[in-house]
Protein chains: 2
Amino acid sequence: MSTSGDGAYHHGDLRRSLIAAAQALLRTGGIEAVTLREAARQAGVSHNAPYRHFPSREALLAAVAAEGFRILHRAQADAAEGAAPADRLKAFGRAYLRFAAEDRASFRLMFGGALDPADHPELAAVAKRTYGALESVAGDDATPGTGFVGRDALRAWALVHGLAHLVADRQIDAAEAEACLS
Amino acid sequence: MSTSGDGAYHHGDLRRSLIAAAQALLRTGGIEAVTLREAARQAGVSHNAPYRHFPSREALLAAVAAEGFRILHRAQADAAEGAAPADRLKAFGRAYLRFAAEDRASFRLMFGGALDPADHPELAAVAKRTYGALESVAGDDATPGTGFVGRDALRAWALVHGLAHLVADRQIDAAEAEACLS
DNA sequence: GGAGGAATGTGGACATTGTCAACATCGGGG
DNA sequence: CCCCGATGTTGACAATGTCCACATTCCTCC
């Protein structure tokens, strides 16, 4: 279907370039600065080329968010790999906090509620995968009735999630947050 | 300076009307749906009238966020009033979770990072007041060195904050979150 | 190897929006 | 009673998201 199997006709790999440009815009100017036309400009294509890869601005944002989930997932997998099973949850939490501190803008895009995963299947898939990994590490005290992990695991998740938001909002710094992981 | 001391020349109280319209837009369509022109339309004035009360769209959003902080502050004060000192922190948390559940859009505007309090003094003031009330209730185990509450209090705050975000994102429901408050 | 069609990119157009500048109107204080 | 500032209006402009018609490039199938 294409030379590289990924969509490389005229530009090379416009889809990837647009996502990279959007990431840069996101990190420097926040979500509002992510603009289809500016991403196209940075990729060196016309203002309408992005529509061959993303049906809307939201779809581009969703792709950037999905990429964020992939980065987070990899970081968590790396962190959990070298840890004893008992320390795995803590390692997960540390990786989470580190991500929130290092890429605040992506974190906010992923967890700030600007995107509804229901509208973006790919985003929903990677988000679900991340949560699934968390649940499996959080232990087997899942409560099938609620369709969710047990109360202690939920508390642990909420604690880390809240710390991450505080870190992303610069209300506490990363070291202070990590110190809270018992 | 005016008939009512609050700014009521031609329209009556345009500033308040604009905030109310913006709140409605926020709750139905999210932050992006809050538009100066639409707020003006709903208030029955021309598209430029809002500039007599808000220097920019962001300023209107900041005013809405500040109103959210006032609502939250009042709810917390009401909740803490009838509680024994030992239960006060829990009552605070419950009020916080209830607010996040009942007014998800405002919660996201207030804590989603879209607004930088440094740019909006009034918002910074009410936010600080809310945090101050929380600190005073969280007990006197504040750590002056960090300029912040002690580790246990921070943990408690982060837990509630994380639960509130999960509630606002509809990933858990309010009852489940409240059940996590020990 | 060449034609056809799909994938990709371009240019132009339109409505909406934030924002600025110039002008109109209203009301209270001198 | 008149003037000035507060408030509101009209007009304009640039940027943006999105749609449409058209051009170009590459793959596939005969």
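Chain A is the first sequence line, chain B the second, and so forth, proteins listed ahead of strands; every chain is numbered from 1.
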### Message
Between D:dG11 and B:His47, counting only base atoms on the nucleotide and side-chain atoms on the residue, is there a donor-acceptor pair under 3.5 Å?
### Response
yes
#### Entry: For atom CZ of A:Arg41 and atom C1' of C:dG9, their distance in whole Å
16 Å
## Note on the structure
Which of D:dT18, C:dT10, C:dA21 is nearest the side chain of A:Arg57? It is D:dT18
### Query
Of the nucleotides D:dT9, D:dT18, D:dG17, which one has an atom closest to the side chain of B:Val45?
D:dT9
### Task
Measure the shortest side-chain to side-chain distance between A:Leu181 and A:Leu163 over non-hydrogen atoms and say whether it is less than 4.5 angstrom.
yes
### Position toward the 5' end of DNA chain D (nearest nucleotide), A:Val34 or A:Arg52
A:Val34
### Query
In whole angstroms, how far is the P atom of D:dT18 from the CG atom of A:Asn48?
11 Å
### Query
Using 30° and 60° as the class limits, which term best fits the ring planes of B:His165 and B:His161: parallel, tilted or perpendicular?
perpendicular
### Task
To the nearest Å, give me how far apart CG (B:Leu60) and P (C:dT17) are.
14 Å
### Task
Would you mind reading off the distance between B:Leu18 atom CG and D:dT7 atom P, rounded to a whole angstrom?
12 Å
### Query
Which heavy-atom pair separates A:Val34 from A:Ala22 by the least distance, and what is that distance?
CG2-O, 3.8 Å
### B:Arg15 CZ to D:dT7 P, straight-line distance once rounded to whole Å
11 Å
### Query
A:Leu14 has an atom CG; how far is it from atom P of C:dA7, in whole Å?
16 Å
### Task
Could you check which of C:dG9, D:dT16, C:dT19 has an atom nearest any side-chain atom of A:Thr35?
D:dT16
### Task
With the side chain counted from C-beta on, respond yes when B:Cys180 and A:Leu154 share a heavy-atom pair under 4.5 Å apart, and no when they do not.
yes
### Task
Using whole Å, report how far CG of A:Asp13 lies from C1' of D:dT25.
16 Å
### Message
Surrounding CZ of B:Arg129 (heavy atoms of other residues, nucleotides or ligands, distance under 6.0 Å), is the total greater than 12?
### Response
yes
### Summary
Between B:Glu58 and A:Ala49, whichever has its closest DNA chain C nucleotide further toward 5' is A:Ala49
### Message
What is the distance, to the nearest angstrom, from the OH atom on A:Tyr51 to the C1' atom on D:dA21?
### Response
16 Å
### Task
Under 4.0 Å between any heavy atoms, over every strand shown, what does B:Ser46 touch: base, sugar-phosphate, or nothing? Just pick one.
base
